[in-house]
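Chain A is the first sequence line, chain B the second, and so forth, proteins listed ahead of strands; every chain is numbered from 1.
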Amino acid sequence: MSKQMLRQHYDVCIIGSGAGGGPVALTLAKAGYSVVVLEKGPWFTENDFYKDELACCRRSVYTPKLSEEQHVIEDSDADGNWVAEATSDSGWNFWNGNCVGGSSNFMSGFFYRLKPEDFRLRSEFGEIKGANVADWPISYDELEPYYTLVEKEVGVSGRFTGHPFAEPRSTRDFPYPPTREHPISRQIDEACRRMGLHSLPTPRAILSVNKDKRRSCEYSGFCGSYGCSSAAKGSSRAALLNRAVATDNCEIKPLCKVYKLSSDGKGNVVSADYYDVNGDRRSIKAGIFVIACQAIETCRLLLASSGEKHPQGLANNSAQVGKNLLFSAGGAGSGDFEYASMEPQAAAAMKTRGPFVNRGLQDWYFINDQKMGGRLKGGTVDFLLRHPNTMSRALSAKWDGDDLVWGRALQKKLKSAFTDSQTLRYEIFCDWLPTDNCFVSLDNTVKDKWGSPVAKVRIGYHPHDLKVGAYINERCSKVLSKMGAVNMRSNVSGSPPQNLVAGGCRFGLNPKTSVLNADCRAHEVENLYITDGSFMPTGGSVPYTWTIYANAFRVAEHIKQIIGVKTRRFD
Amino acid sequence: MNDSPGQDQAAPEKTDVSRREFLGGTGLLASLLLTYPAAALAELRRQKRKPLAADWQKIPLWQTLAQVQEVLLPAAKDAPGAADLGATNYLYLAIENTQADAEDRDFIFRGVGWLDGLTQERHKKTFLQLTATQQQQTIAVIVKSRAGRNWVSKLLNYTLEALLMDPVYGGNRNAAGWKWLQHQPGFPAPPADKTWHRLLQRRYQA
């Protein structure tokens, strides 16, 4: 039995092993502190990740069965009433990857930093009626060194072009060269150039060269939603946790589902109470507790952890836990490039499988247009090819409106859907304005397989989000038209992308209006930190992962500074 | 968003439907209530979780499912049919797997009973005994009811998986589906000891 197996008390207990947990585990384990990471899912490695669409995307391998663990989603109906539906009924899966490394195993790794203005949205752009926009208690300058650290520690590949909308950098360029690019990327550049737009190479959390025990990307073409078999993808597991474990100071306990944090008479956390794989209740004691279960489950755990000093749930005496949940607003569009209209060589290039598109636009990150009422916050556009997965295409071919298509008619549709054209897509990332209609609470009726109430998520959006999304969509779709795409389609809606979630435990200076202080420590609990995306008062207009990583490294550094004072050591 | 593979999250086909719904609009319910359920139920019970029987292809229920799949995805000069792909082998392995959805399995089996009930009433024959044209017409009739459509839709899901999923799962024989649709699979491909059911067990075992 190892030294760690005997341990009854850890310096730090981290709940959740994704992008919020990994940086804390690595930083503190490297500093010599004893760390335990409790993860409810199993521990898969590169030896378990294959390009298997059935395992990836058709069966519940990386996420729980909805009959065992689910959510209740509250959406408004046509009359504006809130209607709750369990996800096991709707099939709308809100899980994003429950295993060691969390959903970072399955991300695409489109890595964008926030911009300085994102940290002071309210000061910069003013109030928006019906939205709870707030400035952050820290500035971009305070986070910048950690964005840079992530480039090195997680591995971000890219090429800095100094485009007009670039945020300040403390280093000249990315530590890893860009991943290989698809022939279509040059066509995007050319179309943008002719339109006076500034296409920029999308930084990716994917290694373009070998790093330590991780191999470079092998360009199979199946990246987003898939676990990475070369470890090129900068998941918390591949990039950080494996190294944390190698210090001998970090123990990862998979298949341990934390259901409650117990607190003492002073209101501080004393133990993480969990179910092990056999369903037996166990607990772990530590000096400092860090929650990083992704926004919705983090809020749920706090709400479920009431105690003497926390009658409404841990750190919830101001009733802020779960409030101001964020998704990513915006939309998506696509256009087809038909092989029949191309020279054979061009068609062959268009069919290339493997390299990435890696192109984004931030020309509308800030909008200054009188038609929109002056200056306002816009967003980011990212270009990508249609996902090579087959089933979503095949399943849409089996329908013609409400009628089923089968037999020869189905075969004809399948042949066309798979062999006629390449599809270029774009995704628009805008701020999801925080409102009173987007929050997490505990459901009164639906329970998980252990008998705990599941999270109920109200998913209301602010109409302003649609306005901004439509503005950008109208403009960026012209890039595809310019490139000669046909069959253009797009969609801007208030439907939340469940994989881009943050907020719910916002940080701030005022304990009445925020859950965490500027160090991401709970205002009301001396030894509790939250390091996933929950801390964000506003989300910015980019995918969240880089910011979550950076902030978790920042908080880890803070914990490292204070830990000697706050915790007893049992070495 | 974020490079997700698309709309694989449609609401699941309802399987808690009744024979009444399956046969809705066909006007045959009353007589079938008297003639069919016992046989269908007996068949179903005989098949209750008896996985990987060597002789499953000889069982009428499976022969009927194979024929329905062939109607849904017929062999043609330019396209592999369900039998070419091993689609029924895929279906058998998929729904007789202990990790599989028991509701799906029961729904598919019950549907076979309803299907044969319909053809008995209309033609005094089982589905298997019908001509190819009659079989197509029968499918065209049942998709008009909500439950019938759900049943065919569910079989189509499995049949399309047999066309497009990795051959390790017993369909897509010789990668015929991928070749037909010029699909380049990703790599590495899943080996037999890392199929989804094997990986799923890791959620429940230390």
Side-chain angles (χ1 to χ4, degrees), chain A residues 41-42 44 47-48 50-61 64 89-93 107-108 110 218 220-226 229 255 277 328 330 332 353 384 387-396 398 403-404 406-408 410-411 414-415 418-419 427 429 497 499-500 543, chain B residues 1-12 71-74 76 78-81 94 99 101 136 139-140 143 149 152-153 155-157 159-161 163-166 168-169 177-178 180-191 194-206:
Chain A
F44 296 119
N47 295 326
D48 302 312
Y50 294 87
K51 298 304 187 281
D52 178 355
E53 186 173 340
L54 207 55
C56 149
C57 309
R58 296 278 300 159
R59 304 288 186 264
S60 299
V61 173
D89 288 334
S90 66
W92 192 0
N93 191 338
M107 66 179 177
S108 303
F110 297 147
E218 292 171 348
S220 92
F222 290 71
C223 185
S225 299
Y226 282 83
S229 47
L255 300 171
V277 66
S328 178
R353 168 70 57 77
L384 64 161
H387 197 286
N389 264 3
T390 59
M391 281 307 286
S392 54
R393 263 179 288 168
L395 292 176
S396 59
K398 80 173 188 182
D403 295 328
L404 272 180
W406 43 278
R408 290 297 289 159
L410 173 63
Q411 285 167 316
L414 287 170
K415 188 75 181 177
F418 278 81
T419 63
E427 294 180 340
F429 300 87
N499 60 327
L500 297 167
Chain B
M1 303 235 296
N2 206 8
D3 212 0
S4 64
Q7 301 302 313
D8 261 20
Q9 296 200 345
V71 174
L72 299 181
L73 213 59
D78 60 346
Q99 312 266 14
D101 187 327
Q136 287 174 23
I139 300 294
V143 295
R149 190 165 57 233
V152 174
S153 177
L155 272 182
L156 265 174
N157 290 354
T159 309
L160 289 170
E161 284 182 355
L163 175 75
L164 290 162
M165 295 298 97
D166 195 280
V168 74
Y169 291 104
W178 289 344
W180 174 51
L181 295 175
Q182 299 168 26
H183 173 69
Q184 285 176 255
F187 55 83
K194 294 290 170 73
T195 52
W196 75 266
H197 356 81
R198 300 281 185 110
L199 294 176
L200 183 65
Q201 287 168 9
R202 307 258 288 270
R203 298 199 82 81
Y204 302 97
Q205 290 165 11

Pair A:R408 + B:D78: basic N to acidic O under 4.0 Å
yes

List the atom of A:A394, the atom of B:L160, and the distance in Å for their closest heavy-atom pair.
O-CD1, 3.7 Å

With a 4.5 angstrom heavy-atom cut-off, which part of A:L255 approaches chain B: side chain, backbone, both or neither?
side chain

Under a 4.0 Å threshold between the charged nitrogen and the carboxylate oxygen, would B:R149 count as salt-bridged to A:D403?
no

Side chain, backbone, both or neither: which part of B:L156 has a heavy atom under 4.5 Å from chain A?
side chain

Specify the closest pair of heavy atoms between A:S229 and B:F187, including all atoms of both residues, with the distance to one decimal.
OG-O, 4.5 Å

So for B:V71, is it side chain, backbone, both, or neither that comes closer than 4.5 Å to the heavy atoms of chain A?
both

Chain A contact via B:E161 - which portion, at a heavy-atom distance below 4.5 Å:
both

Mark yes or no for whether B:K194, through its side chain, and A:N47, through its backbone, hold a donor-acceptor pair below 3.5 Å.
yes

Which atoms of A:S396 come close to chain B, meaning under 4.5 Å heavy atom to heavy atom: side chain ones, backbone ones, both, or neither?
neither

Side chain A:R353, main chain B:Q184, donor-acceptor under 3.5 Å
yes

Let me know if B:I139 has heavy atoms under 4.5 Å from chain A in its side chain, its backbone, both or neither.
both

Kindly say whether B:S153 contributes a backbone atom to a donor-acceptor pair with the side chain of A:K398 at under 3.5 angstrom?
yes

Examine distances only and state if a side-chain atom of B:R203 and a backbone atom of A:V61 form a donor-acceptor pair shorter than 3.5 Å.
yes

Using the test ring pair (Phe, Tyr, Trp, His ring centres under 6.0 Å), find all partners of B:W180 that sit at least two apart in sequence or belong to another chain.
none

On a heavy-atom basis, the closest approach of A:L410 and B:L72 is CD2-O, 4.2 Å

Is a side-chain donor-acceptor pair under 3.5 Å present for B:D166 with A:Y50?
no

Using heavy-atom distances under 4.5 Å, tell me whether A:F222 contacts chain B through its side chain, its backbone, both, or neither.
side chain

Under 4.5 Å heavy-atom distance to chain B, tell me which part of A:T390 shows up: side chain, backbone, both or neither.
both

Keeping the roles fixed (side chain from A:Q411, backbone from B:P74), state whether a donor-acceptor pair exists under 3.5 Å.
yes

